[in-house]
Amino acid sequence: MKIDYEHKMAAHCENGSIMSLMNYHGIKLSEAMVFGIGSGIYFSHIPIIKLNGMPMTSFRPWPGAIFKRVSKALDIDVEVTRFGDPEKAMRALDINLEKGIPTGLVVGVFYLDYFPTSYRFHFNAHNIIAIGKEDGKYIISDPIMETLEYLPYDNLKKVRFAQGLQAPKGKMYYIKGLPDDIDIKGAVIKGLKRTVREMVVLPGPVIGVRGIRYLSKKVRNYPRRFTPAVAAKHLGQIVRMQEEIGTGGAGFRFLFAAFLQEASSLLENPKLNELSARMTEIGDMWREFAVYAGRIIKERNEIETYDSIADMLLDISEQEKMVYKKLADIVRYLSKQ
Amino acid sequence: MKKDQVPQDDANMLEGKTRDLQYAVDEHGNYTIVKSVGWEPKNIVLQRTWEEINEKLNHAREQVKTGKYSPLYYHMKKHLMNKWMLAKYAGVNVCKVWFHLKPKGYAKLSPENIEKYKKALNMKPGEDISDVDA
């Protein structure tokens with residue numbers, strides 16, 4: 001059996017799965033809207049949290065955060081379950097599918113059969129949606145794939161119980177109930193407010209625009225601290241986090257700009273559209289940073305250019321700060337209305 | 001990023017299985033969606049990452065051949081795991097996994113534990129776990 005479900009692609013799997021589930025239930029929101037309401041834009045560079053032995057640079061909130069925020073802001077009743085027993089988890093999914101409920105699943109991508117080989121790491125917070133079962137194979141709507149995919153029972157069981165960091169434990173979710181009227185405007189303002197808070201208000205040197213400045217300082221020191229090969233490795237990790245599959249490009253800046261544009265027409269505030277244009281420029285700066293960094297990584301010997309990319313990051317930090325400060329003014333004005 | 005600036009640098013990272021979705025502005029400044037087959041900086045860092053992994057894997061293979069570790073160690077590294085993850089995937093106690101990673105412990109591996117490891121590492125019944133050249 002197969003649920004009549006419209007497969008939708010998205011730049012980011014978490015936004016994508018929420019968006020298409022909500023679309024199925026009649027709430028037409030774009031990916032950018034979901035991203036903005038969930039305050040998907042974020043930055044942190046925390047030296048004590050390591051990934052592959054290097055400090056983790058994060059361009060996104062903790063996996064699952066966007067989902068939680070969006071369902072809370074729009075007052076959608078979502079049922080989330082985790083399981084201890086794989087067989088039970090699969091049975092619960094079967095029951096759901098028989099009832100005709102499209103069901104979101106959190107899986108690890110390392111053993112995911114249809115995933116491109118180069119992207120298979122032990123990343124355990126990928127979101128997919130099961131929409132049916134045919135000949136013993138599950139029909140999967142994966143937001144980052146162009147078409148529907150089919151997964152055998154054993155493979156789905158394995159990826160749902162992937163191990164390691166953030167093991168999903170068979171996590172499964174679906175929309176149980178919707179409120180009578182949805183306050184999208186309020187949710188957008190709430191999302192903007194949270195973004196401002198996270199990017200400029202929160203104290204400490206490692207989060208938000210100050211985090212970018214901090215990263216700039218560290219990048220400047222790479223050639224003095226590390227051998228060229230290790231420095232290139234550190235730089236590579238930053239670019240990977242920025243541009244890995246499902247970021248919408250340039251560390252989500254374009255996605256956020258698209259959101260600001262939509263919010264501008266929704267809230268009838270042309271100033272937001274101006275900020276959207278500024279954000280697009282900042283996204284281009286991030287891209288330029290990635291291009292330069294890519295060159296350094298490839299050549300490995302142009303040590304002097306670490307200074308220039310550190311300057312770029314510093315510039316980005318300043319520019320973004322200005323945007324969020326203006327955004328803060330707009331949010332203040334909007335919430336007074 | 002303008003719509004016509006969306007990069008299309010194909011390095012076969014996505015293997016033609018899918019394309020990246022990119023947000024870009026059209027000539028009127030409105031955001032649209034453009035599909036992309038890849039972008040050079042991204043390809044470079046991904047390729048570099050896999051080169052490093054393969055170097056480490058070759059090193060692991062040497063270590064197995066010189067008798068420092070057992071073949072299980074090589075397979076664990078090939079699947080980018082550590083012993084805790086392998087223990088979880090296979091359902092074998094982590095102390096035992098540690099033991100099995102040594103040639104001495106590997107020699108004492110029971111048939112059922114071999115099955116458990118093979119299942120965890122997605123190996124077909126015909127494949128030999130002591131083969132490290134595959």
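Naming: A, B, ... by sequence-line order, numbering from 1 per chain.
Side-chain contact between A/E31 and B/Y23: present, with at least one pair of heavy atoms (C-beta onward) separated by less than 4.5 Å. Side-chain contact between A/V291 and B/W39 is present, with at least one heavy-atom pair separated by less than 4.5 Å. For the pair A/Y119 and B/L14, the minimum side-chain heavy-atom distance is below 4.5 Å. Side chains of A/Q163 and B/W84 form no contact here, defined as non-hydrogen atoms less than 4.5 Å apart.
Taking both residues in full, the closest heavy atoms of B/H79 and A/H122 are given as O-NE2, 2.6 Å, listed atom of the first, atom of the second, then distance. Closest approach of B/P41 and A/A290 over heavy atoms only: CB-O, 3.4 Å. Looking at every heavy atom in both residues, B/R19 comes nearest to A/M9 through O-CE, 3.0 Å. In terms of heavy atoms, A/D113 sits closest to B/K17 at O-NZ, 4.4 Å. Annotation for A/K298 and B/I44: closest pair CD-CD1, 3.8 Å, computed over non-hydrogen atoms.
For a residue to count as touching a neighbouring chain, one of its non-hydrogen atoms must lie under 4.5 Å from one of that chain's; by this rule A/A277 does not touch chain B. When heavy atoms are compared at a cutoff of 4.5 Å, B/N43 does not approach chain A at all. Of the two parts of B/S36, neither the backbone nor the side chain holds a non-hydrogen atom closer than 4.5 Å to a non-hydrogen atom of chain A. Proximity to chain A is absent for every atom of B/K2, based on heavy atoms less than 4.5 angstrom apart. When heavy atoms are compared at a cutoff of 4.5 Å, A/T147 does not approach chain B at all. Residue contact with chain B, scored on non-hydrogen atoms closer than 4.5 Å, involves the backbone of A/F161 exclusively. Residue contact with chain B, scored on non-hydrogen atoms closer than 4.5 Å, is absent for A/A167.
Atoms CE and CZ, on B/M1 and A/R253 in that order, are 14.0 Å from each other to the nearest 0.5 Å. To the nearest 0.5 angstrom, B/Q22 atom CD is 10.0 Å from A/L255 atom CG. Atom CD of A/E243 is separated from atom CD of B/E40 by 13.0 Å, given to the nearest 0.5 angstrom. With rounding to the nearest 0.5 Å, the separation of CZ in A/F121 from CG in B/L46 is 5.5 Å. Interatomic distance, B/R48 CZ to A/L235 CG, rounded to the nearest 0.5 Å: 11.5 Å. One distance of note links OH of B/Y31 with OG of A/S30; it measures 13.0 Å at 0.5 Å rounding.
When each of B/A120, B/G29, B/A24, B/G16 is scored by its heavy-atom pairs under 4.5 Å with chain A, the top score falls to B/A120. Highest contact tally toward chain A, considering only B/N12, B/V25, B/N30, is held by B/N30 [criterion: heavy-atom pairs under 4.5 Å]. Note: B/T49 leads B/V6, B/T49, B/N82 in heavy-atom pairs under 4.5 Å with chain A. Between chain B and the residues A/T117, A/T280, A/N273, A/L165, the largest count of heavy-atom pairs under 4.5 Å involves A/T117. Heavy-atom pairs under 4.5 Å with chain A were tallied for B/M81, B/Q47, B/M13; the largest tally goes to B/M13. Contact count against chain A (heavy-atom pairs under 4.5 Å) is highest for B/L80 among B/L80, B/I33, B/T32. With respect to chain B, the highest number of heavy-atom pairs below 4.5 Å among A/A293, A/S276, A/A257 belongs to A/A257.
B/Y89 and A/Y111 have their aromatic ring centers within a separation under 6.0 angstrom.
When the shell of 6.0 Å around NZ of B/K88 is examined, it contains 12 or fewer heavy atoms from other residues, nucleotides or ligands. The 12-atom threshold is exceeded at NZ of A/K50, counting heavy atoms of other residues, nucleotides or ligands nearer than 6.0 Å. No more than 12 heavy atoms of other residues, nucleotides or ligands lie within 6.0 Å of NZ in A/K88, so this atom counts as exposed by the packing criterion. Around NZ of B/K108, the count of heavy atoms belonging to other residues, nucleotides or ligands within 6.0 Å does not exceed 12. Remark: B/K118 NZ is packed, more than 12 non-hydrogen atoms of other residues, nucleotides or ligands lying under 6.0 Å away. Residue-environment remark: CD (A/E6) stays at or below the threshold of 12 foreign heavy atoms within 6.0 Å.
A/E288 pairs by the salt bridge (charged side-chain N to carboxylate O under 4.0 Å, His left out) definition with nothing, not counting sequence neighbours.
Residues B/T18 and A/Y114 bring no donor and acceptor atom of their side chains to less than 3.5 Å of each other.
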